[in-house]
Amino acid sequence: MKLTGPLERVLRVLVADPAAPHYGYDLMKTTRLPSGTLYPMLARLQQEGLVESRWEDQRPDAGGRPPRKFYQLTAEGVRAARLELAAAAPAGRTRQVAARAVHGTAGSTL
Amino acid sequence: MTWTQPVLRIAERMISASCRRLPEDERAGYYKEWSAELPAILDDASVRLPILRAVRAFRYAAGAFTTTPYLRRVGRGALRSRTSGRRDGAVPVRLAVPGFRVTIGLFVWLVVFTAVSLGFPQPPGWPATFGLALAAGFDAFCIADIARRSQVRYLPKWAWVLICLAQTPGGGIAYLCLGRVSLARSASPSPAQQR
């Protein structure tokens, strides 16, 4: 797996809170990636068994909205992501970007 | 909140059109997933202006046109990689992302051509102005695309920019067909790719 800039951003957001449900649109916002970049990446990660997706349960307060799909790292994905991110950490520019991405998630979940 | 209805419907149409490129058994699932995100985008309270939310919904839906060709190729590549031992979803280089964009390019070319030939006897008529505006827009689109990418194929970036400017619709179409690096390609490892 090659750690490109966008991939790193996605992994940082996912690994910051591995138990939370990450919806496609929320991932786009926190990583600042367009859907045309994000979804191919999620598909690739899913194929490699690092990310899994599930449908949310229909909530009674959803107001007739269709259920959404969310993404989470698998156990193996968490391990792989931590390893890759630790290896990539010393790069200056990417670290700033990643810090912003992580900070973004932390802010939205608090 | 009636304004969301037409936006929602158009964006759903875009998603369904892009899902038609997928194998039949995958279509419904992806359509369901992506169209379920649209209400969330249109009700996103963190974006204050409704028009910006609508733009976001359209951009989200437009991304599906990039995603589905990738999914289709990876689907095929995955089968092959299991037998040949290829790793990490790397897909062989191929010479095409055309389809949607080339159709737009050809359409622009046709409009410019008719506009210029109609306006020719009395040069600055509205068709010519309209055509020129379209041509300028198309050039801007191509150049923005070149600038955005970390690498382009066959020629250096500045050469593609020159080509786009020199032969207005043709150069841009040539770039979109040949010079653009497809997603699958740019996702696979390459030593020249630094960023």
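None of these values were measured; they are calculated from a predicted model. Here is the naming used below: chain letters follow the sequence lines, and residue numbers restart at 1 for every chain.
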Indicate if [X] and [Y] have the same hydrophobic cluster label, given that clusters are the connected sets of ILVMFWY residues with side-chain heavy-atom separations under 4.5 angstrom.
{"X": "Leu8(B)", "Y": "Ile15(B)", "value": "yes"}
{"X": "Leu50(A)", "Y": "Leu83(A)", "value": "no"}
{"X": "Val10(A)", "Y": "Tyr23(A)", "value": "no"}
{"X": "Leu165(B)", "Y": "Ile146(B)", "value": "yes"}
{"X": "Ile143(B)", "Y": "Tyr175(B)", "value": "yes"}

Counting only heavy atoms not in [X], do more than 12 sit closer than 6.0 Å to its [atom1] atom?
{"X": "Asp57(A)", "atom1": "CG", "result": "no"}
{"X": "Arg59(B)", "atom1": "CZ", "result": "no"}
{"X": "Leu49(B)", "atom1": "CG", "result": "yes"}

Reported [atom1]-to-[atom2] distance for the pair [X] and [Y], which is rounded to 0.5 angstrom:
{"X": "Thr37(A)", "Y": "Tyr70(B)", "atom1": "OG1", "atom2": "OH", "result": "11.0 Å"}
{"X": "Glu37(B)", "Y": "Lys69(A)", "atom1": "CD", "atom2": "NZ", "result": "10.5 Å"}
{"X": "Thr67(B)", "Y": "Met41(A)", "atom1": "OG1", "atom2": "CE", "result": "10.5 Å"}

(message) For the residue pair Lys32(B) and Trp55(A), would you count it as a cation-pi contact if the rule is NZ or CZ under 6.0 angstrom from the ring centre and within 45 degrees of the ring axis?
(response) yes

(request) Using a 4.5 Å cut-off on heavy atoms from C-beta on, say whether the side chain of Tyr30(B) contacts that of Tyr39(A). (result) no

(message) Is any side-chain heavy atom of Glu33(B) closer than 4.5 Å to one of Arg68(A)?
(response) no

(request) Verify, without hydrogens or angle tests, whether Thr66(B) (side chain) and Gly36(A) (backbone) share a donor-acceptor contact under 3.5 angstrom. (result) no

(request) Output, in order, the C-alpha distance, side-chain angles, deciding distance and verdict of side-chain contact (heavy atoms from CB on, under 4.5 Å) for Tyr25(A) and Leu38(B). (result) CA-CA 9 Å; Tyr25(A) 176 55; Leu38(B) 293 173; over 6 Å; no

(message) Looking at every heavy atom in both Ala64(B) and Ser35(A), which two are closest together, and how far apart are they?
(response) N-OG, 4.4 Å

(request) Would you mind telling me which of Gly24(A), Pro34(A), Ala43(A), Ser53(A) has the largest number of heavy-atom pairs within less than 4.5 Å of chain B? (result) Gly24(A)

(request) Go through the atoms of Ser46(B) and report whether side chain, backbone, both or neither lie under 4.5 Å from a heavy atom of chain A. (result) side chain

